[in-house]
Amino acid sequence: MALVISEVREQIGTITFNNFAKRNALSRVFIDEILTALDDLLAKKTRVIILRAPEGAKVWSAGHDIKELENPGRDPLNYDDPLENLIRAVQRCPAPVIAMIEGGVWGGACELVLVCDILIGTHTASFAITPARIGVPYNSSGILHFMNTCSMATIKEMFFTAQPIKAERAERLGILNHLVEPEDLETFTYNMAKQISLNSPLSISVIKEQLHILGNALPLSTETFERIQALRRLAWDSEDYVEGKKAFLEKRPPVFRGR
Ligand code: LCV
């Protein structure tokens, strides 16, 4: 069964996640299908791309497929991780990508929607970033994506509590561009997509890439980068990461010992 449904209407592409059994957990196979759909839509000169879960979804995406996380002792969010590839593909996509959100957005999926260009959701949308629930370190480019959206205090609360931010607060915090009624979600989203599709795609793609370049323009010395890697190794080498992954697979709360 296809894990994504892709369609085009008046130069507006829609990729619908269709992996409910795993709550749209972003596995390698699922991500490959999303990337193929993205390429196919761009080949068809689509001017706007919408990422969505099926109407009325309780879960937009459960985030990284925990079963596929690297084993403890290795970087679980390394540059070549499939989810990192998807995040970069969305950032580099010349067409604006709109995240149309109903339901919970978990873990790496929260970063995925933050790198989308516009977020439109209903009151069922929520946003949780969860490495602390699994005992993994997040990666620096990912943290920078949060820093480009929210205040440091909001980011610390999200990462430290690993608890969902509800839609109303997410709109106040600038995570959601628009919070709309469920019955208005499609019309509102497609009207905005239509407005964008009538503007200059070249101008939009250049401005999008300028924002991507300037948003990532945070100079780091090599020593600072190496210090960050050493810090991250403390977490991905920890017993806590072993426990976090094991607890998820055993469907029980983790017991972290801080080592
Ligand atoms: C694999 C899953 C998943 C899943 N992976 O349904 O950001 S970081 O650093 O943390 C990064 C590493 C990351 O993104 O980690 C993943 C973070 N995600 C989460 O912590 C969410 C974990 N999932 C849940 O809390 C629940 O599944 C939610 C609340 C999303 C949905 O709950 P619900 O009761 O509707 P189940 O939990 O029963 O899940 C249905 C099936 O989907 C699998 C889960 O193992 C189950 O599979 P089985 O039917 O084979 O048991 N599943 C859910 N999330 N992230 N698999």
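Note that this is a predicted model, so its numbers are computed, not measured. Whatever order the structure lists ligands and atoms in, that order sets their numbers, starting from 1.
- For ligand 1, none of its N or O atoms has an N or O atom of Ile134 under 3.5 Å away.
- Atom 37 (O) of ligand 1 lies below 4.0 Å from none of the non-hydrogen atoms of the protein.
- Nearest residue to atom 12 (C) of ligand 1 from Ile129, Leu69, Val105 is Leu69 (criterion: closest heavy atom).
- Heavy atoms of Thr130 found under 4.0 angstrom from ligand 1 belong to the backbone as well as the side chain.
- For atom 21 (C) of ligand 1, a protein heavy-atom neighbour is present inside the 4.0 Å cut-off.
- Nearest to atom 30 (C) of ligand 1 by heavy-atom distance, out of Phe248, Tyr241, Tyr138, Trp106, is Trp106.
- Formation of a donor-acceptor pair under 3.5 Å by the Glu68 side chain with backbone atoms of Arg28 is found in this model.
- Considering backbone and side-chain N/O atoms, Ala62 comes within less than 3.5 Å of an N/O atom of ligand 1.
- Looking at Ile66 next to ligand 1, an N or O pair under 3.5 Å apart turns up.
- Of the heavy atoms in Pro131, both backbone and side-chain atoms come closer than 4.0 Å to ligand 1.
- Proximity of Arg133 to ligand 1, defined as any heavy-atom pair under 4.0 Å, is confined to the side chain (atoms from C-beta onward).
- Distance screen at 4.0 Å: atom 14 (O) of ligand 1 has a protein heavy-atom neighbour inside the cut-off.
- Counting heavy atoms closer than 4.0 Å to ligand 1, residue Lys251 contributes side-chain atoms (C-beta onward) but none from N, CA, C or O.
- The side-chain contact (heavy atoms from CB on, under 4.5 Å) test applied to Glu171 returns Leu176, Leu179, not counting sequence neighbours.
- Between Pro96 and Ile204, the closest side-chain pair of non-hydrogen atoms falls below 4.5 Å.
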